Amino acid sequence: MQYEGSCHCGQIAFVVQAEAPITEVVDCNCSLCRRRGGLLWFGPRTALSLNTDPAQLATYQFNKHHLQHHYCRECGIAPFSEGVDPGSGQAMVAVNVRCLPGLELGGLKINFYDGASV
């Protein structure tokens with residue numbers, strides 16, 4: 001399944017190539033996600049292709065600096081984060097599915113993750 005995504009102003013544009021339709025996402029309550037309000041789909045980093053200049057990405061890290069939370073310098077929207085899967089050691093991506101306009105949010109199964117306790 002292919003999904004096109006972007007920040008609000010379009011300066012960060014990307015494509016997600018998922019092996020199957022995205023039907024489940026994560027709602028995290030860590031100090032960042034709680035304020036940002038994203039719904040996250042996790043996949044291999046190779047599933048995301050950036051269609052714009054990487055220089056458009058601003059990056060924020062906090063706590064243990066395991067994830068690079070990317071956001072747009074112009075509009076402030078945070079479409080995805082990158083890191084390493086602690087179980088497999090593989091590069092991974094966490095895509096904010098609210099930045100995928102072709103994905104219907106109403107039918108998604110939302111799994112709660114207690115990131116505030118980590």
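Just so it is clear, the values below take in all heavy atoms, side chains as well, and ignore hydrogens, waters and symmetry mates. None of these values were measured; they are calculated from a predicted model.
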Student: For residues 4-20, which residue pairs qualify under salt bridge (charged side-chain N to carboxylate O under 4.0 Å, His left out), counting only residues two or more places apart or in two chains?
Tutor: none
Student: Under a single-linkage rule joining Ile, Leu, Val, Met, Phe, Trp and Tyr whose side-chain heavy atoms are separated by less than 4.5 Å, which residues share a cluster with Met1?
Tutor: Tyr3, Ile12, Phe14, Val16, Ile22, Val25, Leu39, Trp41, Leu48, Leu50, Leu57, Phe80, Val93, Val95, Val97, Leu100, Leu103, Leu105, Leu108, Ile110
Student: Thr46: which residues meet the side chain to side chain contact (heavy atoms under 4.5 Å, CB included) condition with it, sequence neighbours left out?
Tutor: Pro44
Student: Who passes side-chain hydrogen bond (donor to acceptor under 3.5 Å, both in side chains) against Thr23, sequence neighbours left out?
Tutor: none
Student: Strictly distance-based, threshold 3.5 Å: is any side-chain N or O of Asn29 a donor or acceptor partner for the main-chain N or O of Ala116?
Tutor: yes
Student: Applying side chain to side chain contact (heavy atoms under 4.5 Å, CB included), name anything that partners Phe62, two or more places apart in sequence or on another chain.
Tutor: Cys30, Ser31, Leu32, Tyr60, His69
Student: Supply the atom-to-atom distance Cys7 SG to Glu74 CD, rounded to the nearest 0.5 angstrom.
Tutor: 8.5 Å
Student: Among all residues two or more places apart in sequence or in another chain, which pass the side chain to side chain contact (heavy atoms under 4.5 Å, CB included) test with His8?
Tutor: Cys75, Ile77
Student: Does Arg73 reach the side chain of Gln11, with side-chain heavy atoms less than 4.5 Å apart?
Tutor: no
Student: Only pairs at least two apart or in different chains count here, so list each salt bridge (charged side-chain N to carboxylate O under 4.0 Å, His left out) that has a residue in residues 41-55.
Tutor: Arg45-Glu82
Student: Please lay out, stage by stage, how Cys99 and Ser6 fare under the test side-chain contact (heavy atoms from CB on, under 4.5 Å).
Tutor: CA-CA 6 Å; Cys99 293; Ser6 70; over 6 Å; no
Student: To check you understand the geometry: which heavy-atom pair defines the closest contact between Pro79 and His70, and what is its length?
Tutor: CD-O, 3.6 Å
Student: OG/Ser81 to NE2/His66 distance, rounded to the nearest 0.5 angstrom?
Tutor: 14.0 Å
Student: In the single-linkage hydrophobic clustering (I, L, V, M, F, W, Y; side-chain heavy atoms under 4.5 Å), do Val118 and Leu67 co-cluster?
Tutor: yes
Student: Taking only residues two or more places apart in sequence, or in another chain, which ones meet Glu24 in a salt bridge (charged side-chain N to carboxylate O under 4.0 Å, His left out)?
Tutor: none
Student: I'd like to know if Val84 and Phe42 are part of one continuous hydrophobic network [Ile/Leu/Val/Met/Phe/Trp/Tyr, side-chain heavy atoms within less than 4.5 Å].
Tutor: no
Student: Any salt bridge (charged side-chain N to carboxylate O under 4.0 Å, His left out) involving residues 101-118? Give me the pairs, sequence neighbours left out, ordered by first then second residue.
Tutor: none
Student: Of all heavy-atom pairs between Thr52 and Gly10, which one has the smallest distance, and what is that distance?
Tutor: CG2-O, 4.3 Å
Student: List the residues meeting side-chain hydrogen bond (donor to acceptor under 3.5 Å, both in side chains) with Asp85, not counting sequence neighbours, and say none if there are none.
Tutor: none
Student: Can you name the side-chain hydrogen bond (donor to acceptor under 3.5 Å, both in side chains) partners of Ser88, sequence neighbours left out?
Tutor: none
Student: Can a donor-acceptor pair be found, under 3.5 Å and without considering hydrogens, that links the side chain of Asn51 to the backbone of Ala13?
Tutor: no
